[in-house]
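The first residue of the sequence shown is numbered 1, and numbering continues consecutively from there. It should be emphasised that the depicted structure is a prediction, and the values quoted were computed from it without experimental measurement.
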Amino acid sequence: MPQAARATATYAELLALPEDARAEVIAGELLVSPNPNGRHSRAQRSISRHIGGPFDDDDGRGGPGGWWILIEIDVQFGPHDIVRPDVVGWLRTRLPDPWDDLPSTVRPDWICEVTSPSNAAHDRVVKRVLYARHGVPHYWIVDPRERVLECLQLQDGAWLELGSWGDGDEVRIAPFAEVALEVSRLFPPIR
């Protein structure tokens, strides 16, 4: 679990940290997390490739398009709630130009967090509540150690569980149901 530094932190405190620091502010607490391991990095890159490829990179070139899919972009929900999701997406109609404004103050349409041994409860409990409170429509949680993808959709302010999938599953999941996702491709090869 990330360690708390103080209870009134804002984006200014994040900017004062070294560039390579992995930190967020949630409920005014500055939370610093350890650097990710290889499993985490692989899952993050794979989600970006298999979702970002057809929905962002291929826009106008055969993929469904219509999204910006970015890695580790600061998102500010309020002065004391600033997160850096592992992978985050916006419909281009809602955020035409995501390139220069940090933190982004436009609510994402989809967030994907990749759990690490030190932050799994944080992603599944604290961030799950935070993202629902701020109206994020879709939340995916990828657990590379357990090789599981969990998908949630916000309905009337509460999370509806769309399902959990693992190795061997090929699924079409909102909001990216136009493309089949082979869940095993999110994780390192099995030895």
Report yes if the side chains of [X] and [Y] come closer than 4.5 Å at any heavy-atom pair, otherwise no.
| X | Y | answer |
| --- | --- | --- |
| Lys127 | Ile26 | yes |
| Leu160 | Leu154 | no |
| Cys151 | Glu161 | no |
| Glu150 | Thr115 | no |
| Ser164 | Leu149 | no |
| Arg147 | Ile190 | yes |
| Val136 | Trp110 | no |
| Asp167 | Phe187 | yes |

Mind checking whether [X] and [Y] sit in one hydrophobic cluster, side chains of I, L, V, M, F, W, Y counted as touching below 4.5 Å?
| X | Y | answer |
| --- | --- | --- |
| Trp140 | Leu70 | no |
| Val179 | Val142 | yes |
| Ile111 | Val87 | no |

Any donor-acceptor N/O pair, [X] side chain to [Y] backbone, under 3.5 Å:
| X | Y | result |
| --- | --- | --- |
| Asp74 | Arg84 | no |
| Asp81 | Gly78 | no |
| Trp90 | Val106 | yes |
| Asp56 | Ile69 | yes |
| His80 | Ala9 | yes |
| Trp165 | Glu170 | no |
| Arg39 | Pro188 | no |

Does the pair [X]/[Y] count as a salt bridge with the N-to-O cut at 4.0 Å?
| X | Y | value |
| --- | --- | --- |
| Asp109 | Arg94 | yes |
| Arg22 | Asp86 | yes |
| Arg124 | Glu146 | no |
| Asp57 | Arg49 | no |

Can [X] and [Y] be counted as having a side-chain donor-acceptor contact under 3.5 angstrom?
| X | Y | value |
| --- | --- | --- |
| Ser46 | Arg42 | yes |
| Tyr139 | Gln153 | no |
| His40 | Asn35 | no |
| Glu72 | Gln44 | yes |

Requested in this report: Taking the six-membered ring for Trp and the single ring otherwise, decide whether the centroids of Phe176 and Trp67 are under 6.0 Å apart.
Outcome: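 Here the rings of Trp67 and Phe176 have centres that are less than 6.0 Å from each other.
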How long is the straight-line distance from [atom2] of [Y] back to [atom1] of [X], given to the nearest 0.5 Å?
| X | Y | atom1 | atom2 | value |
| --- | --- | --- | --- | --- |
| Leu95 | Asp101 | CG | CG | 8.5 Å |
| Leu30 | Glu13 | CG | CD | 7.0 Å |
| Leu152 | Ile173 | CG | CD1 | 11.0 Å |
| Ile47 | Ile71 | CD1 | CD1 | 10.5 Å |
| Asp123 | Asp143 | CG | CG | 9.5 Å |

Query raised in the report: Do we get Arg92 above Trp68's six-membered ring, with its NZ or CZ under 6.0 Å from the centre and within 45° of the axis?
Result: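 Satisfied, under 6.0 Å and within 45°.
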